[in-house]
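This report refers to the structure that appears directly beneath it.
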Amino acid sequence: MFSNIHIVDHELWVTKDLLTDHGISENYIKKCLCHYRKGIIKTWNNIEYSQDHRIKLIQLTSIPYTTRIKLPSEDQLKNQILLDSIVSKETEKKAKTNQILHEIEVELNRAFNNDYLEYVPEYHKESSLDDETVFSYGKLHAIIYAILNLRNQSKKLKDLHKVYLQFDLPGINRLSNYKSFSRKLADCRKNGIKATILHGRQGNTYPYKLNGFVTGKIEQYLCDPKQLPNGLIKDYVNRDITNYNKTDAGLENPFSFISEPTVSQYYRRPEVKNTIMLHRNKELFDKHVQPSSRRKTAIYAGDTYQMDGTKIQFVSWDAIKKKVERLSIFAVKDVKSGRIVGFDLAQSEDKYNVLGAMEMAVKTNGLAPFEWVYDNASASKTEEFKNLKLGLELNGSRIRHAKVGNSQDKSQLERWFRTYQNKYQRLIPGFLGGGIKTKVDTERIDSGFLEKVRKTNGIPSTEQLQKTMAVLISIFNATPGKNGKSPDQLFAECSKPNTKELRPEQIAFLFWHSKTIKVRNMEIETEIRKQKYYYDLSYHEKRFELTGSKVKVYYDHRELSIIHVFDLKDNYIGEFKQKVAPYLSAANQTEKDINQIIKSAAHHKSIKTAANKRLKRVAVKAANEAGDDNFYRTINPLAASKELVNNAESQAFIEMYSDMKGIDFSQVDDIPEVFQDNPLTNPDFGNVINEFDNLNTKEATLEVVGKSAINVTT
């Protein structure tokens with residue numbers, strides 16, 4: 001380092017650079033120095049610098065006072081000389097250290113990149129080591145050997161350790177602690193490099209520990225569904241080894257105990273980890289080990305609709321139930337265009353949620369896709385879903401279940417859920433984040449932030465949230481993608497040769513919900529979304545005919561005031577209205593409730609009357625056909641059965657019993673023979689009005705999908 005201040009013969013001399021640094025003109029300095037050398041002035045004494053003749057040193061005391069006053073004092077300049085000297089020595093020391101480190105680095109790099117090949121065969125003999133570990137151990141051996149040689153050349157151990165840490169050896173635990181590094185080198189000098197690296201496990205010691213018995217036990221416990229930790233697996237295996245060593249075979253050839261690192265190292269083997277992952281974490285196995293099935297996307301719009309549901313990342317306030325709830329969204333996506341063609345939001349992913357989204361997907365343009373893909377959820381096992389599936393297939397649109405546990409079978413929709421959640425739902429206050437399973441930091445929302453949002457904006461109502469979700473889906477459908485076109489545009493422009501066109505009346509009938517119900521107590525009882533509904537059969541003949549039998553009920557869950565009923569052969573029975581129950585307490589009853597109670601009592605009485613009339617009608621008809629006024633009388637069973645006992649065998653049987661009891665049956669009179677009247681006996685039978693033969697009738701026509709029109713009389 002060159003200094004601008006020098007001491008020559010106990011005098012301070014400075015360079016022109018020091019003067020210019022303090023505001024003195026360089027031209028003025030050159031002019032003064034030239035005048036001194038020519039003898040024009042006696043000030044500005046200057047000499048050539050002994051180490052560089054191009055540099056002039058100027059005697060500080062020869063500089064005029066008016067100029068010198070701008071410069072530091074002599075004491076300050078002397079202190080500066082001392083500081084420059086210290087800095088110069090530090091710089092030289094640092095340069096020397098860098099040179100030493102460079103020499104060490106060159107030597108260790110040579111060992112790491114070239115010399116290691118000499119030692120690889122030694123470690124390759126160890127059958128317990130894989131190829132990657134063999135090369136790592138060979139490189140480590142070469143580096144340690146070079147370090148020991150450099151240490152013999154008086155290189156500092158700290159410098160050697162500093163350069164050693166720059167090398168990355170896969171599977172090797174680097175000795176980042178200086179004291180551990182020093183002890184390891186001492187062990188290498190004492191026991192040899194290879195023995196120290198292998199920790200004394202040379203020869204057959206290590207593979208002997210991992211024999212077939214031990215590896216089988218390790219894998220047995222690794223596959224345990226309770227996800228046992230390595231430490232516990234070590235304990236279990238050592239317990240099994242102890243039991244084995246007590247056997248006759250174990251006494252002759254005992255097994256050594258294993259350590260926890262042995263279990264860890266064995267589990268890190270790729271073939272072990274990848275196979276055991278199938279039992280420890282099937283999701284990771286499918287993601288990282290199981291190969292993917294490559295499929296080409298659909299050619300046309302409407303070829304495949306993918307369907308699935310999930311919870312939305314918001315809570316809302318249900319004003320009717322007076323509680324906070326989290327809605328489920330069920331969506332239907334066209335694979336070709338990426339358009340969401342139908343969706344439904346509900347409290348849970350039930351059959352109404354699923355069928356609502358499918359109905360919207362069909363109503364959008366009156367087209368059913370060639371194929372629907374849907375996971376095998378509980379809603380697909382309901383009778384309504386099965387009926388819809390059958391109806392769609394009759395119209396050429398099939399429903400295929402995705403493979404269980406294989407989300408890739410509907411991967412486009414799975415990806416859309418993530419996009420809809422993180423790109424669109426995130427924009428709305430109250431967003432709950434990516435869920436508890438997310439590993440992305442940006443998808444975790446601070447709980448304090450959510451609380452603040454709820455206090456500021458409040459919890460949205462269910463209706464508000466439904467509107468918001470619908471708007472967000474519309475925004476997605478209208479947003480251009482990478483190709484510059486939105487899903488709406490792609491769906492509209494793409495041809496749809498494989499779709500099936502459905503008329504409005506077909507759509508309405510297909511998406512009626514249906515279920516098979518057994519009629520009890522002359523009414524149809526059904527439960528829809530955990531709420532019971534009752535429907536009264538409209539006239540007495542059907543009440544008696546259907547009670548106790550099963551019927552098919554078709555209904556629209558959005559309008560439950562009327563249902564349509566068919567028999568099990570799909571013959572239309574009729575349309576029935578919902579029964580409205582009055583309040584039990586008189587304090588809550590309205591005039592309408594009171595009228596309803598009166599009508600109900602009269603209705604029950606009329607049912608009994610109709611039942612009796614029917615019985616009497618049948619009895620009258622039978623009597624008329626028989627032409628016998630005593631048709632209704634029942635003969636005394638004793639009198640009717642006398643001919644059955646007029647044989648020797650029966651008489652002997654009766655006499656035996658009379659002898660046992662000491663009763664002379666010949667002296668006992670028979671019970672008088674009388675006729676018993678039937679409860680239907682009524683002198684007015686001839687005047688009974690047969691109401692069933694005089695019912696008013698009307699013609700009704702109902703068109704059923706897949707069948708011809710049916711004329712029904714009601």
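Counting heavy atoms from C-beta on, the side chains of Asn274 and Met277 come closer than 4.5 Å. In this structure, Val354 and Asp350 have side chains that are not in contact, with every pair of non-hydrogen atoms separated by 4.5 Å or more. Using a 4.5 Å cut-off on side-chain heavy atoms (C-beta onward), Leu388 and Met358 make contact. The shortest side-chain heavy-atom distance between Phe385 and Ile399 falls under the 4.5 Å cut-off. In this structure, the side chains of Val341 and Lys333 stay at 4.5 Å or more apart for every pair of heavy atoms. No side-chain heavy atom of Val332 sits under 4.5 Å from any side-chain heavy atom of Phe343. Within the 4.5 Å cutoff, side-chain heavy atoms of Ile312 are placed close to those of Leu465. Contact of the Trp372 side chain with the Arg400 side chain is not registered, since no non-hydrogen atoms from C-beta on lie closer than 4.5 Å.
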Given side-chain contact (heavy atoms from CB on, under 4.5 Å), test Ile329 with Asp344 step by step and report yes or no. CA-CA 6 Å; Ile329 180 172; Asp344 188 76; over 6 Å; no
For Val237 and Val263, run side-chain contact (heavy atoms from CB on, under 4.5 Å): C-alpha distance rounded to whole Å, both residues' side-chain angles, the deciding distance at 0.1 Å, then the answer. CA-CA 10 Å; Val237 174; Val263 178; 5.7 Å; no
Check the pair Glu414, Asp308 against side-chain contact (heavy atoms from CB on, under 4.5 Å), reporting the backbone distance first and the verdict last. CA-CA 8 Å; Glu414 296 284 351; Asp308 201 3; 3.1 Å; yes
Show, in sequence, the C-alpha distance, side-chain angles and deciding distance for Tyr236 and Leu228, and conclude whether the side-chain contact (heavy atoms from CB on, under 4.5 Å) test is met. CA-CA 10 Å; Tyr236 284 173; Leu228 302 177; 3.8 Å; yes
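How far CG of Leu345 is from CD of Gln466: 5.0 Å, rounded to the nearest 0.5 Å. To the nearest 0.5 angstrom, Ile241 atom CD1 is 13.0 Å from Lys246 atom NZ. Between the CG atom in Leu278 and the NZ atom in Lys273 there is a gap of 15.0 Å [rounded to 0.5 Å]. Atom-to-atom distance recorded for Ser397:OG and Asn498:CG is 11.0 Å, nearest 0.5 angstrom. The distance from atom OH of Tyr221 to atom CG of Asn230, rounded to the nearest 0.5 Å, is 14.0 Å. Here the straight-line distance linking atom NZ of Lys363 with atom CE of Met360 works out to 10.5 Å at 0.5 Å rounding.
Aromatic ring orientation, Phe330 versus Tyr374: perpendicular (interplanar angle above 60°, classes split at 30° and 60°).
With hydrogens and angles disregarded, a donor-acceptor distance shorter than 3.5 Å links the side chain of Asn238 to the backbone of Ile258. Between the side chain of Asn245 and the backbone N or O of Phe255 there is at least one donor-acceptor pair closer than 3.5 Å.
Ion pair Arg398/Glu393 not flagged as a salt bridge, since none of the NZ, NE, NH1 or NH2 atoms sits closer than 4.0 Å to an Asp/Glu carboxylate oxygen.
Side-chain atoms of Ser328 and Glu349 form no donor-acceptor pair, as typed in the model, at a separation below 3.5 Å.
Evaluation of the side-chain contact (heavy atoms from CB on, under 4.5 Å) rule for Arg280 yields Leu222, Gln227, Tyr267, Ile276 as partners, not counting sequence neighbours. Evaluation of the ring-ring contact (aromatic ring centres under 6.0 Å, His included) rule for Phe653 yields no partner, not counting sequence neighbours.
The neighbour count for Glu501 CD, taken as heavy atoms of other residues, nucleotides or ligands under 6.0 Å away, does not exceed 12.
A salt bridge (charged side-chain N to carboxylate O under 4.0 Å, His left out) check over residues 214-233, counting only residues at least two apart or in different chains, returns the pairs Lys217-Asp240, Asp224-Lys226.
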